[in-house]
Amino acid sequence: METTRHAVSSHELPWFLTAPGQSDTLMTITMIVVIAVVLGLGLVFFRLHSLPERLGHKKLQFEIVAVLGLLSLFTHVHAFWVAGLLLALIDLPDFQTPLKSIASSLEKLSGTEAPVEAEPEPLPAPPQPEPGA
């Protein structure tokens, strides 16, 4: 079946115009590009969103930053993400070690040493077979 052209139409039609009943090539290409761009932007967004968690240094700092990241993800409040990023970039000082040292020094000065936990006694060794048996 041959299609007839209108008398005023051009004889050279662009490649993206399709005949009736044929698949639309431009729409297919556009659909593939749109899906790729949406997936790519989603990956970039989640990679950027997890940046503070990847920068966290210590366990406690990492946990606080992770909670702030989840709060910002679920509430769409970007202040939580900014706070988590700032917290991850700042190296928090170690307060626990000096406080433990002060506590142990005070125990020594007062003469009330903390009780040392008794180590469990080792289990007796199993009997060894005699070489001549």
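A donor-acceptor pair under 3.5 Å is formed between the side chain of T30 and the backbone N or O of L26.
Looking at every heavy atom in both residues, F80 comes nearest to L68 through CB-O, 3.5 Å. Contact detail for A88 and P52: the closest heavy-atom pair is CB-O, 3.4 Å. A pairwise comparison of heavy atoms in H49 and G69 identifies CE1-O, 3.0 Å as the closest pair.
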Query raised in the report: Passes side chain to side chain contact (heavy atoms under 4.5 Å, CB included), W81 versus L86? Steps please.
Result: CA-CA 9 Å; W81 186 85; L86 291 175; over 6 Å; no
Query - Residue pair L71, V77: steps toward the side chain to side chain contact (heavy atoms under 4.5 Å, CB included) verdict - result: CA-CA 8 Å; L71 279 174; V77 176; over 6 Å; no
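Distance check, rounded to the nearest 0.5 Å: CD1 of I32 to CE of M27 gives 10.5 Å. Residue L41 holds its CG atom at 11.5 Å from CG of L48, rounded to the nearest 0.5 Å. With rounding to the nearest 0.5 Å, the separation of CD in E107 from CD1 in I102 is 12.5 Å.
Residue V82 is grouped with residue L51 when hydrophobic side chains (ILVMFWY) are merged at heavy-atom distances under 4.5 angstrom, including chains of intermediate members. No continuous path of ILVMFWY side-chain contacts below 4.5 Å connects V67 to L73, so the two sit in separate hydrophobic clusters.
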